Structures are given as structure tokens and as C-alpha cells.
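Remarks on the structure that follows.
Numbers restart at 1 for each chain; the letters A, B, ... are given by sequence-line order, proteins then strands. The structure presented is a predicted model; accordingly, all values stated were derived computationally and were not measured.
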Amino acid sequence: MRILQLHCDYIEYTPTKKEIKMAEDIENPETKRFEEIVVVFVAIEDDDDSSVAQNAISQIKNSMEKIGCKKLLLYPYAHLSSNLAQPSIAMTLLKEMEDNASDLEVSHSPFGWTKSYNIKVKGHPLAESSKVITKDSKDNKEITSEALKGESKIRSYWKIMSLDGTMVNMADFDFSNHKKLEILSKYESAKQRRVDEPPPHVALMKKMTIADYEPASDSGNLRFYPNGRLIKSLIEQYVTDRVKEYGGYEVETPIMYDSEHPSMVSYFNRFPARQYNIDSDGKKLFLRFAACFGQFLMANQYQLSYKNLPFKLYELTRYSFRREQSGELVGLRRLRAFTMPDCHSFCKDIDQAIDELKIRFDLSKSVLHELGIDESDYEMAIRFTEDFYNENKSAIEELVKKHGKPVLVEMWKEKFFYFVLKWEFNFIDNMGKASALSTDQIDVENANRYGIEFVDENNKTQHPIILHNSPSGAIERIIYVLLEKAAKDIKEGKKPQYPLWLAPTQVRVIPLKEEFNDFCETLTDKISANNIRVDIDDRNESIGKRIREAEKEWIRYILVIGEKEVNSQNLSIRDRQTGNVRELGFYVFLKEINEQTKGKPFTGLNLSKHLSERPPLMV
RNA sequence: GCCAAUGUAGCUCAGCCUGGUAGAGCAGCUGAUUUGUAAUCAGCAGGUCAUGGGUUCAGAUCCCGUCAUUGGCUCCA
């Protein structure tokens, strides 16, 4: 059975003529009109039986209860299916559905007639839905969280907060000096878009052999080539180092959970995610969409005193999974499987939570900066309940001051999610698309839900306040930002480049002739002993071609080795930033590189040192 | 998920409108070349035209379904 369910302001229909012999007899085929009604178009299919009809009507009743409508019109509609049941069976089942809904104001439009109709469907998100119901689909209903269903009910107000703490309605704000904030504001509130081409990082992620789509997986689950894996793992390492330095304990937790476990059930309903579901041996498992579960369940095992707080757990989730709508997936910006650093801080009260929030705010800003993303690249949004604002005005204003630019504010009349405040930094890309990077939340519910407790100064048991921080946002998204920024450079006629510490090859050595190969081996060994990724283009190609290809790989330093270099103490270094050749002593050169990569993690080449041994990757 | 566009050699693309032997450049292989800062030369090899069906004497080409990608819509805790 296929049904299309519409919540309508009104429907009018007029039976015009009998379509089949067995069409229902009706006394006077005149126009009928109903208002404030749920219209369900129904196609009964081959194989449908009474159980299907029962199932269908109970699903319909279920959703009608949610939208608070008590009037139902069943509208037989053959066009929904190409596999229709016999008309006699269809009529019986339709009648059965109607009988089973007698607690509602129910009617049906005549079966077997051609009808004309006029309909006005309501605009709310739950107004329209279609379902396919078959004999064995009874238990197969999509698990959708209450939060996802209810999200549309949130009432919120959009404002802009300036550095002095004043708030004006978004419509009254002068955006002329804040173009990116304007983009973000319209993006978030009015959902305005203005794009008509693919984002440039998608071509770049392939051309630079970083990542690619994997047709053999689900969409949004990407493959990372050696270059991409290297870049990604360095960023992962860097973010992890910073969180550990801040005081997070790094842990690892399972990627799948039992959705019927008591602590999951209620969390589900506060967390509007679409998840991957897996049935295994009768268990209904889902793939995690955040690190929260694992860390909360673990926090539960710690015996916490107020003296231990704030207590911080951290995991870099590889991966978190969200089954985003297929049309929403793009390159590295929006994925179904992504790597998310997630740090939870358990605080003894709101005051401590706010102090901690500020520290993590600075941490997030600093991490982004070191990754090559500055304030000019992103805009801040902050969301809070009206109550929280009234009680913590100055803390909120302080965050805005720290950001140094006006901020988009969403104020909720009442708490709908599990948090009372959430801020995020949104990168605005070349096409005017906004994507969230760093974020932090003040969670006042989950400690209770997960039974996380600490003992306070008075020997009383309390639930901590939990902060949820991702200092960088998804790692894939950081790569997306770096590539979008590179694309912007290309557009402006500048040379795109990697931050040196992330470059898959930092130095390329090109021997002029075969006879210099040995010299190059020795030289590269000396360079790589200093934690620098260096390789040798030992292919039998012209010097011009090998330089061109190094340029196309965005390799910062090129060393051509010939007669002159072999007989000199100095190196001839072609610096891609300027395109000029400089003569530098060996140690001066090392120092120049090491200064630029200071404080960043290092890992060795992820490809063979000799280009002659590398199979080209065609993407 | 909905609407639309796109899918031809490992890669980038031409051919499709108007049906009749599948084309180029790059990459690969073989050989020559040993090169001084963004493409050395020649030869060879390489294609279930995304996939499944239909129309036709004949389909890369026309029609329908499916998958993937991209754009718009919806969504983004």
C-alpha cells in the first residue's frame, strides 16, 4: 500500500465520471468541501491484506495525533502505484481502514470515479509525508527521534549583538561593513542561497589527490589517498595535542550502540540526528553521530569530587556518522562519515561552566588560527534561551567582545534542546555557503540522564553541568576550508599553497643528470633526518617538466642539483612563494623550514621517496 | 527525500541535436634523448560509451527505469 498524507487548509473534490465498472454508486456526484483536514491518498497494491490496512491506519492516526487534527479523508488514488490490487479487494481494505478510524471524523471520496480536486496544503514540516506499507514492513518503521519531528516547533528570535552588548533585530542591523555576517544571518534564518556551480574544493581534493568519492560505499563516505591521509592525520594529531594540553583525557569508545539501551532511548529524543541503523542478532544498533554516549557512559564510572572538576574527556571520533539527506552531501563539506574531535567538560555549576566555556572559546580560536583559519574567515553565531540570557548577560557579552565582531544571535523563548547555550564559528566559503567549525554547548540535562554525579563540598551528590566542545569542528571540514581558501587564491591570481607543516612534500630534490643521483641520496638523507619531508624526482624527464610538476603539487621548495651544487657549500633553492632561486647554506635552509613548522606535529613521507617508483594516481 | 543537469579510454574532454566502422590531448608502455628552474621527440597499446530495459534492419546517439555526482528545494542538533 502506498499512501500520501497531506495536512490541508481545505480540499474540494467533484466526482466527474465512473472510471471502472465496479465504481461505487453515489447518489449525487456533487462537489464536496472539507476544511482543516488530513487528506490521505491511498493506493492499495497487490498482496496487501487486512494487516497492511490496520498498520496503515494506525500510522495515520499516530501522526494525526501529533499534528492535532481529528478530521480524515481517505482518497483512493490509483496513480501512486503501478501494481494495483483488484478493485474489490481495494474497496474492502479501504472500508476496513475507515471503520478502524471511527474515533475520528472520517470519510472517503468515491472509489472508481474520475474526480477533479482543489487542495491547499499547510506549510508546516509535518504536513506532508508519504509511506509505503507492506506486509513485512510493520516493524520496519523508520526510527526518527522526537526531536527531529519537533524541531519545527521551536520558537526563536534572530538578532545581532554588537561589541557593546546591544542587541537589535536582524532586520534593523546595518550589514554594510559585515558582509559575511549578513550571509550567515540570511543563511541561517531565511535560508537564502545563491550558488549555481560546484564548490571549488571538490575539484581540488581530487586533483591534489587528497580524497575522492567512493562509489562502492554509501554516499558521503569518502576515501582518502596517501596525501589526504597524511594531511588529515597531522591535523588530527594537532587538535588532539592541543586538547590534551588543555587537560582533556583522550579516550576511545565504540562506534555503535544499542538504541534500546535505557540511556539511549531518551537521549535519542533530544537529539535530532538521522542515524545509520544496523540490525544484528535481534539488537537494534546505530552508528554514533557524536562522541557523547561513549564519554557519558564512561564518565559514569568515575568517582568524581568537586575537587576534580572541571573534568574533561576527549575523543577524536573516526568516525561519527550522520545520515544526512542525499541532496545535502558535498565534497568534504558535508559528509555522512566524518572525523570529529569532541571534548566534554564536567563542571560543578553554571559559574564554573561559564569560566570553562571562556577557556575553551580561546582554545578554539587559537586552534583554528594555527590551522590557518582566521577571524576574517568565519562569523560567530550564538544561541541561548531567554532565561539564560537574563541571568548571564555579562558572560555572553564577554564572548562577543572576545570575538571582536558583531555576532548572530538566536534567542529561544524556552529550552527545547538539552542545552541552554551554544555558540559556533561558521566559515563562509567562496559561494556564500556557511558551515560550522568550532562549537561549544552548555548542557544541563544529560548528566542527570546518564546518572553522572559528583560529591560537592557539603557531601551532597549533584549532577554536573556538561560542556560539549569541538575546538576545530570536523577534520574533513578543516581540509575543506583550506582548499576553499586555496581556490580563492587561485581565483585572485595568487599561488595556492599548503601550510608548510601540512605539505605532503616539503622539499623536492631534482638531479639534473643521473650522475648526481648519489649526491641527492646523501643530501635527502641529511634533510629528512631533521624531520622534513623530502623526495627526489629521479625520473628521466626534462628539468622543465619536473619543475612544472612540482609546482602543480604546490611543493614549496625545489632543489635542482647539478654541477654547480655538487661543488658548492650552498644549495640553490627555488622558493615557490616568490618563484625565485636563492642560494642558502644547508643549516640556514633547515632553520627556515623548522621555524615555519615549529610546534606542529610531524610525520614522514607517505609515498616512496623516489618519484620513479610512484604509480601516478589518476583522479 | 523532491526537481533539474551531467555520466564516452586511467584522467580531461569531442562525437549525441540530424541513429550507420568510437576520436583527441595528457597519463601508461617501448625506444631515442641526460636535460639549468612551469610540458623533449617518435612509435605502440588502451573503450561492456555509468547500469538495466525499450524502439529500430541498426543505439554512445531516440525513449523509460536505476545508480552516482553536481545545482536548487528541504535539512544542518
Taking CG from L329(A) and P from G71(B), how many angstroms apart are they, rounded to a whole number? 10 Å
On RNA chain B, nearest-nucleotide positions of G331(A) versus K422(A): which is more 5'? G331(A)
Under 3.5 Å: donor-acceptor pair, side chain of N469(A), backbone of T439(A): yes
Quick one, give me the B/S/- string for nucleotides 32-44 of chain B, reading 5' to 3', where B means a protein heavy atom under 4.0 Å from the base and S means that only happens at the primed atoms, P, OP1 or OP2. -BBBBBBBS----
C13(B) and U56(B), which share atom name C1', separated by this distance in whole Å: 30 Å
Have a look at S435(A) and say if it touches a base, only the backbone sugar-phosphate, or nothing, with a 4.0 Å heavy-atom cut-off. nothing
Candidate nucleotides A68(B), G28(B), C73(B), ranked by approach to the side chain of S219(A) - the nearest: A68(B)
Tell me: CE of M205(A) to C1' of U69(B), nearest whole Å? 10 Å
How long is the line joining CD of E328(A) and P of C73(B), in whole Å? 9 Å
If we take the C1' atom in both G59(B) and C63(B), what is their distance in whole Å? 11 Å
For the pair F289(A) and F293(A), name the ring-plane relationship: parallel under 30°, tilted 30 to 60°, perpendicular over 60°. perpendicular
Between C1' on U74(B) and CZ on R323(A), what's the gap in Å once rounded to a whole number? 15 Å
Rounding to the closest angstrom, what is the interatomic distance between G47(B) and G15(B) at atom C1'? 14 Å
Where the side chain of P616(A) is concerned, which of U74(B), G72(B), A27(B) is the nearest nucleotide? A27(B)
Contacts of type side chain to side chain donor-acceptor pair (under 3.5 Å), residue E514(A), not counting sequence neighbours: none
Could you give the NZ-to-P distance, from K206(A) to G10(B), as a whole number of Å? 15 Å
Angle class for the Y480(A)/H201(A) ring planes (parallel below 30°, perpendicular above 60°, tilted otherwise)? perpendicular
When both distances are under 3.5 Å in a Watson-Crick or G-U wobble arrangement, the nucleotide paired with A50(B) is U66(B)
Atom-to-atom span, CG of L204(A) to P of C11(B) - whole angstrom: 18 Å
Would F41(A) and Y117(A) count as a close aromatic pair, with their ring centres under 6.0 Å? yes
Determine the Euclidean distance between corresponding P atoms of G71(B) and A9(B); express it in Å to zero decimal places. 23 Å
Atom-pair distance (CG on L611(A); C1' on A27(B)), nearest Å: 14 Å
Sorted by chain and residue number, the side chain to side chain contact (heavy atoms under 4.5 Å, CB included) partners of K495(A) (sequence neighbours excluded) come out as E551(A), R576(A)
Examine W412(A) together with F388(A) and report whether their ring centres are nearer than 6.0 Å. no
With nearest nucleotide decided by heavy atoms, which residue, V202(A) or Q441(A), maps closer to the 5′ end of RNA chain B? V202(A)
Give the rounded distance in Å between these two atoms: NE2 of H201(A) and P of G71(B). 9 Å
